[in-house]
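Following: one structure in structure tokens, then a few remarks.
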Amino acid sequence: MSRGTSMEREARTGTTSTAATTTTASPGIDFGGRQIVGRSKGHGVSWRIPRRTVVVCVGAAVAAILIALVSLASGAYQLSIPEVVEALIGRSSGIVQTIVLEWRLPRVLLAALFGIALGLAGGIFQSLTRNPLGSPDIIGFDAGAYTGALVIMLIVHGGVFVTTGGALLGGLLTAAVVYLLAYRRGVHGFRLIIVGIGVTAMLGSFNTWLILQASLQDAMSASFWGAGSLNGAGWEQFIPALIVFLVLIPATIALSGPLRMLELGDDAAKQLGVSAERTRLLLVIVGVGLSATVTSLAGPIAFVALSAPQIGRRLAGSAGISLSAAAAVGCVLLLASDWVAQHALGESELPVGVVTVVLGGGYFVWLLIREAKRP
């Protein structure tokens with residue numbers, strides 16, 4: 001019996017046995033065992049989440065809140081945590097309220113939101129490619145989004161919404177090119193990564209040429225933005241990002257079930273009622289949309305999408321990529337990296353992408369060493 005057929009039989013058997021044992025159970029939430037199971041009256045099992053994944057997500061949420069409070073309190077005008085909390089709940093006024101709500105809060109919210117988006121994007125592509133290197137910043141999608149944004153910024157001179165659209169279009173076109181070049185009776189993860197690395201190199205050269213042809217002021221602005229920066233982030237960036245992610249994040253949640261089926265293999269997924277190619281295409285569109293939106297508003301922030309899913313998987317102890325853990329870890333990573341970028345060199349702020357490259361580079365070296373030691 002083939003591996004895909006046996007896994008499919010196990011999946012079907014597990015689903016049947018679970019439904020049979022829980023149909024007569026009272027509705028509610030069961031916190032016993034290694035999984036938290038939610039039951040709805042008359043419909044069997046509604047959902048299940050591994051307990052360890054919940055612990056990781058709750059722990060990451062607490063860490064993110066603490067880092068956010070420290071970020072809101074830190075700066076040239078130092079504040080205490082109670083002052084920050086009072087400003088957030090509307091009990092403060094004057095300069096403290098302005099600093100917290102108008103100057104610092106948008107940047108903190110964008111860092112958290114972008115971290116979640118990058119974690120989800122990395123989780124999607126690493127699950128699709130079944131490879132820890134399958135990340136949008138490795139396989140060329142971020143480079144394509146950066147190209148689209150540069151064309152709008154340097155040639156069209158469009159605003160925030162137009163730049164976001166250009167980045168989305170550039171990322172999707174790059175994904176289509178990589179997908180077609182890697183397609184040989186289906187798309188295999190290793191081939192997709194190799195093709196993506198080549199496309200990334202070509203787009204990197206084209207992006208450099210675009211910057212060299214621009215005026216000095218535009219070139220300096222694009223180069224600084226190209227490092228991945230949240231400097232100057234405000235509500236005008238947060239609103240369009242929130243609108244896009246309110247569409248893409250629920251779409252990711254809706255596609256997470258079919259994504260788990262794809263991990264069993266295309267044949268098993270088809271026998272379980274999942275259209276493999278259609279689902280894969282939708283997941284690519286959603287994943288590119290998540291990473292391209294971040295790129296359009298903050299520049300290409302490297303290595304968060306690469307490292308967050310793997311760190312989340314190890315913390316959660318799951319066999320495959322946990323999208324919820326990847327999103328939670330991505331949020332914490334980018335919040336912490338942005339705080340370091342703002343305060344590591346005193347009054348001089350670094351682009352957050354510089355910090356993530358240093359952290360991600362260390363992770364990348366560790367990953368290569370770990371893979372080399374495998375028998």
Side-chain angles (χ1 to χ4, degrees), residues 110-129 131-150 152 163-179 192-193 195-197 199-200 203-204 207 225-230 237 240-253 255-256 259 280-310 312 321 323 326-327 329-331 333-334 337 351-353 356-357 360:
L110 278 171
L113 195 59
F114 288 171
I116 292 171
L118 291 173
L120 288 174
I124 288 172
F125 289 114
Q126 289 182 21
S127 294
L128 287 176
T129 60
N131 192 307
L133 296 180
S135 173
D137 48 354
I138 298 294
I139 56 181
F141 301 159
D142 280 1
Y146 183 36
T147 301
L150 280 180
I152 299 298
T163 303
T164 302
L168 288 171
L169 182 60
L172 289 173
L173 288 176
T174 304
V177 171
V178 172
Y179 194 88
L192 186 73
I193 292 171
V195 172
I197 290 174
V199 171
T200 299
L203 288 176
N207 292 340
W225 177 82
S229 176
L230 292 173
Q237 287 85 27
L242 182 62
I243 293 172
V244 174
F245 291 145
L246 283 176
V247 176
L248 295 179
I249 292 178
T252 304
I253 296 172
L255 291 168
S256 61
L259 178 60
R280 188 177 289 110
L281 178 60
L282 290 174
L283 284 165
V284 168
I285 292 173
V286 171
V288 170
L290 289 168
S291 61
T293 302
V294 176
T295 301
S296 68
L297 296 173
I301 300 175
F303 285 108
V304 175
L306 174 71
S307 57
Q310 293 299 315
I321 298 296
L323 291 182
V329 172
C331 178
L333 281 178
L334 196 53
S337 297
V352 67
T356 60
V357 164

Check whether any side-chain N or O of S256 sits under 3.5 Å from a backbone N or O of I253 as a donor-acceptor pair, and report yes or no.
yes
Short side-chain to backbone donor-acceptor contact, T356 and A302, under 3.5 Å
yes
CZ of F114 to CZ of F245: how many Å apart, nearest 0.5 Å?
5.5 Å
Between P309 and A326, the two heavy atoms sitting closest are CA-CB, 3.7 Å
Let me confirm one number: the CD1-OG distance from I301 to S291, rounded to the nearest 0.5 Å.
11.5 Å
CG of L259 to CD1 of I124, rounded to nearest 0.5 Å, is 7.0 Å
Taking side chain as C-beta onward, heavy atoms only, is T200 less than 4.5 Å from Y146?
no
What pair of heavy atoms forms the shortest contact from A111 to L230, and how long is it?
CB-CD1, 3.7 Å
Got a second to check how far D137's CG is from L306's CG, nearest 0.5 Å?
6.0 Å
Are the side chains of I243 and V247 in contact, using a 4.5 Å heavy-atom criterion?
no
Looking at every non-hydrogen atom in both residues, tell me the closest pair between T174 and G144 and how far apart they are.
OG1-CA, 3.0 Å
Is there a side-chain contact between L290 and V286, using heavy atoms and a 4.5 Å cut-off?
yes
pair T252-L323: side-chain heavy atoms closer than 4.5 Å
yes
Spatial distance of atom CG (L168) from atom CD1 (I285) [nearest 0.5 Å]
11.5 Å
Please name the pair of heavy atoms, one in I321 and one in G123, separated by the smallest distance, quoted to 0.1 Å.
CG2-CA, 3.7 Å
Within the 4.5 Å heavy-atom criterion, are L133 and Q126 side-chain neighbours or not?
no
Counting C-beta onward and ignoring hydrogens, is there a side-chain heavy-atom pair between F125 and V284 closer than 4.5 Å?
yes
From L242 atom CG to L110 atom CG, the distance as rounded to the nearest 0.5 Å
9.5 Å
